[in-house]
J.: 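I am attaching a structure below and will ask some questions about it afterwards.
Quick note on labels: first sequence line is chain A, next is B, and so on, each numbered from 1.
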Number of protein chains: 2
Amino acid sequence: MKHAKGILQRILQVIESAPLRMTRKRERLLAALVALDRPVSAAALRDKADLPASDLVTVYRTLETFEGIGIIQRIPLEDSGSLYELTEPNDHHHHFVCRECHRTERLDLCLGQELEKQAHTLGFTQVAHLMEVYGLCEDCQVAS
Amino acid sequence: MKHAKGILQRILQVIESAPLRMTRKRERLLAALVALDRPVSAAALRDKADLPASDLVTVYRTLETFEGIGIIQRIPLEDSGSLYELTEPNDHHHHFVCRECHRTERLDLCLGQELEKQAHTLGFTQVAHLMEVYGLCEDCQVAS
DNA sequence: AGCTTAATGAAAGCTACTTTCATAAAGAAT
DNA sequence: ATTCTTTATGAAAGTAGCTTTCATTAAGCT
């Protein structure tokens with residue numbers, strides 16, 4: 001994992017300054033996210049955190065909470081479902097996603113500024129945008 | 001509606017040259033799409049085409065078929081669900097979408113070329129991308 | 001240790017499709 | 001026009017991916 005220690009510290013700071021309780025489940029989910037160090041589905045995260053099947057609801061709630069304080073980013077898949085990624089606060093970016101194995105690569109290219117400007121010209125407020133790139137990674141090309 | 005006649009002709013050409021049967025349902029759905037002249041949900045399309053509730057499955061199948069021949073583009077919503085838009089063949093573009101009323105505006109700004117290039121550098125093939133901008137349109141700001 | 005408020009677990013519910021399979025209707029062949 | 005083949009449709013059930021409800025538990029402040 002790349003900068004686990006730094007990230008963790010910054011994330012713990014964010015969590016401490018939020019009106020949040022650090023429960024066992026949340027600790028385990030956070031640890032699993034750090035250990036994985038890549039975007040995962042809710043179910044995969046639950047498995048990595050070694051929680052029982054029934055805890056999927058807690059996983060979703062925790063992801064929602066973490067997204068609320070800005071340390072989780074949701075990555076929509078092409079058809080349905082999402083991946084969730086631990087990010088440093090305010091680290092907006094997009095992804096290349098393999099539609100087979102869900103391997104992701106970071107994409108540092110974004111039209112955010114331009115989009116917001118045009119959106120405001122059209123009278124839109126509270127603007128957000130989605131941008132993800134889907135394809136088949138090398139491994140999955142071979143496999144198929 | 002903007003160029004209904006021109007669009008319709010080009011679309012009918014595409015349909016004729018595809019191995020497709022022009023059934024009553026498809027005719028009505030196509031007519032509804034032309035009349036609406038904007039992206040709609042599957043349910044809204046069914047209502048506009050004046051089909052019974054049970055025909056939603058036919059709507060989805062027709063949309064899938066039409067998407068296959070390139071005359072329908074799917075616009076994913078921010079959280080879940082999709083809008084479907086009649087387009088001229090090969091008219092790739094993105095949208096501003098009001099997250100309240102689903103009003104959409106066309107967005108002629110796309111990083112497609114650059115994205116594909118980077119994707120191929122990373123070893124990805126069969127690349128596609130999603131980019132939509134969400135916000136509140138003027139009407140919906142007032143309402144809330 | 002007690003107290004308040006937030007988090008969890010179990011269960012059911014929900015949205016937006018998708019699949020299955022028997023029936024109907026295009027449209028080509030005769 | 002009728003038959004035949006193939007595709008489209010309808011009804012019903014199924015599915016994925018969450019979300020809600022509500023009773024119980026446990027943070028963590030006092």
Side-chain angles (χ1 to χ4, degrees), chain A residues 12 15-32 39-47 49-69 71-85 97 99-100 102 130 132, chain B residues 12 15-32 39-47 49-69 71-85 97 99-100 102 130 132:
Chain A
L12 288 174
I15 289 175
E16 267 170 46
S17 65
L20 276 192
R21 292 180 183 173
M22 233 326 149
T23 63
R24 309 251 174 82
K25 297 283 162 93
R26 284 181 179 170
E27 269 169 14
R28 293 176 76 163
L29 289 169
L30 188 54
V40 278
S41 68
L45 175 59
R46 175 205 55 198
D47 294 343
D50 214 25
L51 298 177
S54 61
D55 273 5
L56 202 48
V57 60
T58 297
V59 174
Y60 281 115
R61 280 194 280 228
T62 300
L63 288 170
E64 191 186 3
T65 301
F66 284 0
E67 194 174 1
I69 59 173
I71 61 169
I72 282 283
Q73 205 180 312
R74 187 177 70 91
I75 305 165
L77 293 179
E78 206 172 15
D79 283 339
S80 79
S82 303
L83 302 180
Y84 301 89
E85 175 184 37
V97 184
R99 61 170 68 90
E100 274 294 324
H102 296 172
L130 288 184
E132 309 295 338
Chain B
L12 288 174
I15 289 175
E16 266 170 46
S17 65
L20 276 190
R21 290 180 184 175
M22 233 331 147
T23 63
R24 309 252 173 82
K25 297 282 162 95
R26 285 180 178 169
E27 268 169 15
R28 293 177 76 163
L29 289 169
L30 188 54
V40 278
S41 67
L45 175 59
R46 174 206 54 197
D47 294 345
D50 215 26
L51 298 176
S54 62
D55 273 4
L56 201 47
V57 60
T58 296
V59 174
Y60 281 116
R61 280 194 278 228
T62 300
L63 287 170
E64 191 187 3
T65 301
F66 283 0
E67 195 174 1
I69 59 172
I71 62 169
I72 280 284
Q73 205 179 311
R74 186 178 71 91
I75 304 166
L77 293 178
E78 206 171 15
D79 284 339
S80 78
S82 303
L83 302 180
Y84 302 87
E85 176 183 35
V97 184
R99 60 171 70 88
E100 275 295 324
H102 296 170
L130 173 174
E132 307 296 337

J.: Could you check how far CG of Leu29(A) sits from C1' of dA7(C), rounded to whole Å?
T.: 12 Å

J.: Whole angstrom is fine here: how far is it from CG in Asp79(B) over to P in dT19(D)?
T.: 8 Å

J.: Please step through side chain to side chain contact (heavy atoms under 4.5 Å, CB included) for the pair Leu130(B) and Arg74(B), ending with a clear verdict.
T.: CA-CA 10 Å; Leu130(B) 173 174; Arg74(B) 186 178 71 91; 5.8 Å; no

J.: If you take any heavy atom closer than 4.0 Å to DNA chain D, which residues from residues 16-26 of chain A end up in contact?
T.: Arg21(A), Met22(A), Arg24(A)

J.: How would you summarise protein contacts on nucleotides 16-23 of chain C per nucleotide, using B for base, S for sugar-phosphate only and - for none, with heavy-atom distances below 4.0 Å?
T.: SBBBB---

J.: Write down the distance between CG (Asp47(A)) and C1' (dG17(D)), rounded to a whole number of angstrom.
T.: 15 Å

J.: Is the shortest heavy-atom distance from the side chain of Leu30(B) to the side chain of Ile15(B) under 4.5 Å?
T.: yes

J.: What is the distance from atom CZ of Arg28(B) to atom OG1 of Thr23(B), rounded to the nearest 0.5 Å?
T.: 11.0 Å

J.: Could you state the interatomic distance from CZ (Arg26(B)) to OG1 (Thr65(B)), rounded to the nearest 0.5 Å?
T.: 4.5 Å

J.: Of all the heavy-atom pairs spanning Arg46(B) and Pro52(B), show the shortest one and how long it is.
T.: CD-O, 3.3 Å

J.: First locate atom CG of Leu56(B), then atom CG of Leu45(B), and finally report the distance between them rounded to the nearest 0.5 Å.
T.: 9.5 Å

J.: For Arg46(A) and dA16(D), give me the distance from atom CZ to atom P, rounded to whole Å.
T.: 13 Å

J.: Checking Glu78(B) now: which residues fulfil salt bridge (Lys or Arg N to Asp or Glu O under 4.0 Å) with it, not counting sequence neighbours?
T.: Arg99(B)

J.: Between Arg28(A) (CZ) and dG9(C) (C1'), how many Å, whole number?
T.: 15 Å

J.: What's the separation between atom CD1 in Ile75(B) and atom OG in Ser41(B), rounded to the nearest 0.5 Å?
T.: 11.5 Å

J.: Quickly work out the Asp55(B) CG to dA12(D) P distance and round it to whole Å.
T.: 13 Å

